[in-house]
Amino acid sequence: MSREKKEAVIEAILFTMGDSVSLDKLADAIDESEETTRKIIEEYKNKLDNSGRGITVQELDGSFQMCTKPDMYEYLIELTKSSNKVVLSDSAMETLSIIAYKQPVTRLDIEKIRGVSSDYAVNRLLEFDLIKELGRLDAPGKPILFGTTEQFLRCFGVGSLEELPQFSQVQMAEFREQAEEEASVNLGI
Amino acid sequence: MSREKKEAVIEAILFTMGDSVSLDKLADAIDESEETTRKIIEEYKNKLDNSGRGITVQELDGSFQMCTKPDMYEYLIELTKSSNKVVLSDSAMETLSIIAYKQPVTRLDIEKIRGVSSDYAVNRLLEFDLIKELGRLDAPGKPILFGTTEQFLRCFGVGSLEELPQFSQVQMAEFREQAEEEASVNLGI
Amino acid sequence: MALSVKLDAFEGPLDLLLHLIEKNKIDIYDIPIVLITEQYLDYIKQMETADMNVASEFLLMAATLLDIKCKMLLPAEVTEDGEEIDPREELVEQLLQMKMYKAMAMELKDMSMDAARVIYKKPTIPEEVAKYKPPVDYDTLLGDVNLTKLNMIFRETLKRREDKVDPIRSTFGNIEKEEIDLDAKTEYIKQYIWREKRVGFTELLEQSESKMEVIVTFLVVLELIKIGLIEIRQEKLFDDILIDAIKDVSEEEFLGAQIGDENEQREEGSGN
């Protein structure tokens, strides 16, 4: 199979499946190593991205999925009426950010940080397929451990957890500075 | 909107819809006459067809639909194949061994031995043509009797069921003794 | 100091505390504990919530603040290295974490807005492909199981059954386990509360015939509070606890609500 054909096969598969397809399956289909397959996909994605096309390929934790480019949105929205917009309450979003950054976490871990029971938020997130059970912690009561899903990556437009914005020590220090500057009123205690 | 962008929008729309989209809808989306839109689509289709791509556009009675090229078929099949590389679970294997040695058996017989419901395992084995229905037992509810198939013999390289390794009454008695010993140790007697 | 913000606006005690700190433009690392405690207590006084769960969370925080206040009046404790322990330390850590995740949540929200502009498509697998059933690969299916191994598996399966028969206890007579059907009990209690609208807890318990049933009744009441169908009040210490059906829940919702759904799902998930 020529290199061109391999790219064509990957295109056909990603188009047909619609959903994300794992690298090993794609590699199997074109009878190549995962490494070479990844290279072919990356090249193909580059081509799509640099030639004014309407579609592209998104990596999701070692899987790949075909999707439209963001700037096509306004032309599509009326026609498709499909939207993967997540509308989450602030408390669900807070809970989600804790799970995203601290996974694997238990309900108790989340509660400790938020200072309130987060059962409702956790259930909503499970419902939206943004988080999933990862297993159970080997501790009394065997509490469930939660982590984020592939749908989470899709909804936030990142290919893997490493791409999430990091909260650095620098930012923490900035926070502190800001707070100190804001402390314009001396409360004298 | 540039000509390139118009093509991109059409691509994005055809991709998202998956289904066929009428010419007038496409023309609306890029704000062009149907005539010009048709030209753009034809040009786009030509590009796809002449550059070794995996997808193409098909006209269907004044509508257009994105689809894979016919020669991609075998690779798509390959993908379904690779997802079917299954291995029998331990519980299915246990169920198979019970059916092999105690046939004809009912689901209830199997459950009594395994101590758990074995419907799923039985169905899997039926699906893989390793066991089959032999008839029904003349008992309340007329339960189905299961036995192994010719495929089973082929898989294990035996000509008939008599060739299955047997185990003796002596061995059975040993099992029982062992179990009794273990149980009394557990109870501290 | 008049605080006009409604308590409902706060997710919990930490949230309220953060609000007070931000409102006063105070550095988190240097919380004037006395002032904040006073404002906080002021707030709690305004609370008109009958929800004991919520109230207790806020009260716990108030107690923590007062505890810190006391410790700050006393000579500072010292660590083994001779460093002074700031009693506010733990609280500061908690507040910072909360602040950090709030910031992250905002960032995630922005990201999700951008990501929502990308559209995916449903699978359009050609029918022939979808229908295609590949021949079973028996080598993979059976793995390394051969005749000898199949025989072994069978023996092990039988042996496991033998193990389960306890030679001592299997000679005992049957001991009947008292079965209380949780679902039936829930159904009964729900119907009862819905009919009466207000029920005394003792009244519910009096209908129990065994210790087990009392426990189950208690659990069902807890669950009903948790899923928001009822609320409980107690006028004063040792009074009967009054159970009220929540007013804005419709009959359908009330009687149709299931308890313990979560557990069932979990069980289904772990089975094969």
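Between chain A and the options C:Lys122, C:Lys102, C:Met61, the largest number of non-hydrogen pairs under 4.5 Å is found for C:Lys102. The greatest number of non-hydrogen atom pairs below 4.5 Å with chain C, out of A:Asp71, A:Asp90, A:Ile98, A:Leu126, is found for A:Ile98. Among A:Ser117, A:Pro165, A:Ala100, the residue making the largest number of heavy-atom pairs under 4.5 Å with chain C is A:Pro165. Of the listed residues (A:Gly115, A:Gly157, A:Ala92, A:Gly18), the one with the most heavy-atom contacts under 4.5 Å to chain C is A:Gly18.
Ion pairing between A:Arg124 and A:Glu127 holds under the 4.0 Å rule for side-chain N and carboxylate O. The pair C:Asp86-C:Arg88 meets the salt-bridge criterion, with a side-chain N (NZ, NE, NH1 or NH2) lying under 4.0 Å from an Asp/Glu carboxylate O. We find that A:Glu32 and A:Arg38 are not joined by a salt bridge, their nearest charged nitrogen and carboxylate oxygen being 4.0 Å or further apart.
Contacts of A:Met66 with chain C are made by backbone atoms alone, with heavy-atom separations under 4.5 Å and no side-chain atom involved. Neither the backbone nor the side chain of A:Tyr120 comes within less than 4.5 Å of any heavy atom in chain C.
Remark: the A:Arg114 side chain and the A:Thr95 side chain contain an N/O donor-acceptor pair separated by less than 3.5 Å.
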Would A:Arg154 and A:Glu150 count as a salt bridge (charged side-chain N to carboxylate O under 4.0 Å, His left out) if you check the C-alpha gap in whole Å, the side-chain angles of each, and the deciding distance to 0.1 Å? CA-CA 6 Å; A:Arg154 245 193 305 272; A:Glu150 195 184 283; 3.1 Å; yes
